[in-house]
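Following: one structure in structure tokens, then a few remarks.
Computed from heavy atoms alone, side chains included, the values below leave out hydrogens, waters and symmetry copies.
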Amino acid sequence: MDDIQATYIDEDEEDEDCATTATATANGVKHEPPEDHDHDHSEESKPSSDDDEEDPPPKKQKQLSSLTAPSLPEENQATEQPISIAAAAVGATETPKIAKKTKKKNNNVWTKPTSRKGKKKAKATANNAPTEDPVLITPVPRFPDKNDDSPDLKICLSKIYKAEKVELSDDRMRAASGKGYRMVRATRGVVEGAWYFEIKVLKLGETGHTRLGWSTEKGDLQAPVGYDANSYGYRDIDGTKVHKALRETYGKEGYAEGDVIGFYINLPDGAMYAPKPPHLVWYKGQRYVCATDTKEDPPKVVPGSEISFFKNGVCQGVAFKDLCGGRYYPAASMYTLPNQPNCVVKFNFGPDFEFFPEELDGRPVPRPMIEVPYHGFDSQTENGVSNEKKH
């Protein structure tokens with residue numbers, strides 16, 4: 001009985017072992033019959049380690065595969081991992097393209113396709129279009145007005161183009177000054193032709209002196225005639241001529257109180273060599289000189305031009321030659337020491353002269369300065385609109 005029972009026990013154990021083996025085989029894992037617990041643990045751990053060594057899935061690959069595909073059995077993971085990696089690589093390369101397309105779509109949504117191109121074309125057209133020259137305006141301290149000269153008036157001494165210390169008579173034909181040289185000039189000047197006027201020295205006093213002659217528009221009014229390159233003077237002391245503050249011997253002797261000095265100028269075709277007159281404007285209550293360029297043209301010499309001085313009808317010779325083109329005005333400067341009476345001179349623009357030149361030595365006969373026409377203008381400019389009347 002004991003042998004039969006032992007046989008049954010062995011058969012039952014064999015059946016259990018077979019069932020275990022069958023179950024393991026169905027799951028794809030083969031297990032040896034267990035002989036020892038420690039041995040079983042080592043045998044079970046070896047297959048798992050072998051699987052990891054054969055194809056250890058990287059951590060990043062698992063994450064990408066888990067995001068792109070559902071979890072699969074271990075056997076299928078080994079075959080589908082390359083697909084997931086390739087898909088991830090393709091996604092990485094295509095991501096910037098997708099973003100770029102999205103950005104382009106946003107631009108197309110918010111901006112019209114032709115609006116930006118139109119702006120560029122408009123800019124190019126604006127740059128290529130002809131533009132007007134910039135206009136520069138500079139404030140000027142003095143500005144001609146109707147009270148100083150007008151077509152109804154005759155030539156006289158200017159109330160504007162004079163030093164403040166110079167005093168004028170009511171008829172604006174006499175000038176007086178003291179305490180240093182100051183200059184005054186006439187309201188009208190000449191550009192071409194031969195012209196003549198006279199000045200009579202009414203009063204010099206003990207300390208008075210004069211420098212008389214011609215001055216351009218740029219002559220310094222706070223200095224004597226002949227102080228700079230813009231004026232030519234005749235000095236009472238020893239009759240020297242003065243230009244650019246340089247004195248040169250000219251007449252045989254000077255002139256004194258009571259003498260009449262004649263002034264002759266000849267500018268043949270002087271208008272061809274004269275600089276362009278400044279464009280004076282009145283803009284927003286301020287006086288300005290309007291110009292398109294700050295650079296000035298160099299002065300041009302008038303061929304055959306000259307200035308001569310006469311003393312009581314006697315020519316003192318040619319004082320200056322080859323004058324620069326421009327408009328020349330009769331001018332006078334007076335001087336006395338402080339606390340002394342003013343030096344006084346009187347202008348005579350014709351036609352009745354005390355000593356009209358009789359001997360000119362072939363020079364053109366001059367015209368009296370009283371015949372110089374009015375050459376001023378009335379000009380107003382407001383907000384870029386100019387209304388100018390030239391005379």
Which one of Lys162, Arg185, Lys159, Arg172 satisfies the salt bridge (charged side-chain N to carboxylate O under 4.0 Å, His left out) criterion with Asp148?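 By the salt bridge (charged side-chain N to carboxylate O under 4.0 Å, His left out) criterion, Asp148 pairs with just one of Lys162, Arg185, Lys159, Arg172: Arg172.
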
Any Gln222 side-chain heavy atom under 4.5 Å of Met183 side chain: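 No; the side chains remain at least 4.5 Å from each other.
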
For the side chain of [X] and the backbone of [Y], is there at least one donor-acceptor N/O pair under 3.5 Å apart?
X	Y	result
Tyr250	Phe309	yes
Thr207	Leu337	yes
Glu257	Leu204	yes
Gln340	Glu206	no
Ser333	Arg211	yes
Ser231	Gly226	yes
Asn312	Val260	yes
Thr187	Leu157	no
Thr336	Gly208	no

Apply salt bridge (Lys or Arg N to Asp or Glu O under 4.0 Å) to Arg327 and list each qualifying residue two or more places apart in sequence or on a separate chain.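 Partners of Arg327 under the salt bridge (Lys or Arg N to Asp or Glu O under 4.0 Å) test: none.
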
Where [X] and [Y] come nearest, the two heavy atoms and their spacing:
X	Y	result
His209	Cys343	O-SG, 4.0 Å
Ser177	Lys165	OG-O, 4.1 Å
Ala332	Val345	CB-CG2, 4.3 Å
His375	Gly189	NE2-N, 3.1 Å

Could you tell me whether Arg188 and Asp149 make a salt bridge, using a distance below 4.0 angstrom between a side-chain N and a carboxylate O?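 Salt bridge between Arg188 and Asp149, a charged N being under 4.0 Å from a carboxylate O: yes.
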
Run Asp238 and Lys252 through salt bridge (Lys or Arg N to Asp or Glu O under 4.0 Å) and show every step you take. CA-CA 8 Å; Asp238 62 31; Lys252 297 179 180 179; over 6 Å; no

Fellow cluster residues of Val365, listed by chain then number, with links counted only when side-chain atoms sit under 4.5 Å apart: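 Val365 shares its hydrophobic cluster with Tyr196, Tyr264, Phe310, Phe353, Phe356, Leu360.
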
Transitive ILVMFWY cluster of Val344 at side-chain heavy atoms under 4.5 Å: who else is in it?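 ILVMFWY cluster around Val344 also holds Leu202.
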
To the nearest 0.5 Å, what is the distance between CD1 on Ile199 and CZ on Arg174?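 That separation rounds to 13.5 Å.
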
Hydrogens and angles aside, do Thr210 and Asp236 bring a side-chain donor and acceptor to less than 3.5 Å of each other?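 No, Asp236 and Thr210 have no side-chain donor paired with an acceptor closer than 3.5 Å.
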
Are Asp171 and Ser169 close enough that a side-chain donor and a side-chain acceptor fall under 3.5 Å?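 There is such a pair between these side chains.
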
What about Tyr181 and Tyr227, are their ring centers closer than 6.0 Å?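 No, too far apart.
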
Before giving the answer on side chain to side chain contact (heavy atoms under 4.5 Å, CB included), spell out for Tyr232 and Val225 the whole-Å C-alpha distance, their side-chain angles and the decisive distance to 0.1 Å. CA-CA 6 Å; Tyr232 301 83; Val225 179; 5.8 Å; no

List the steps and the verdict of side chain to side chain contact (heavy atoms under 4.5 Å, CB included) for Leu267 and Tyr328. CA-CA 10 Å; Leu267 299 167; Tyr328 288 83; 3.8 Å; yes

Not counting sequence neighbours, which residues clear ring pair (Phe, Tyr, Trp, His ring centres under 6.0 Å) with Trp214? List them please.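 Checked Trp214 against ring pair (Phe, Tyr, Trp, His ring centres under 6.0 Å); matches are Phe197.
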
Hey, can you pull the donor-acceptor pairs under 3.5 Å for the side chains in residues 315-324, sequence neighbours left out?
unit_1 : atom_1 : unit_2 : atom_2 : d
Gln316 : NE2    : Val314 : O      : 3.2

Hydrophobic clusters here meaning ILVMFWY residues chained together by side-chain heavy-atom distances under 4.5 Å, can you tell me if Val201 and Phe349 are in one?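 The answer is yes; both residues are in one hydrophobic cluster.
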
Pairs involving residues 342-369, ordered by first then second residue, that meet side chain to side chain donor-acceptor pair (under 3.5 Å) (sequence neighbours left out):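 Residue pairs with at least one partner in residues 342-369: Glu306-Arg363, Arg367-Glu371.
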
Trace of the side chain to side chain contact (heavy atoms under 4.5 Å, CB included) decision for Tyr234 with Tyr255: CA-CA 10 Å; Tyr234 182 35; Tyr255 56 87; 3.8 Å; yes

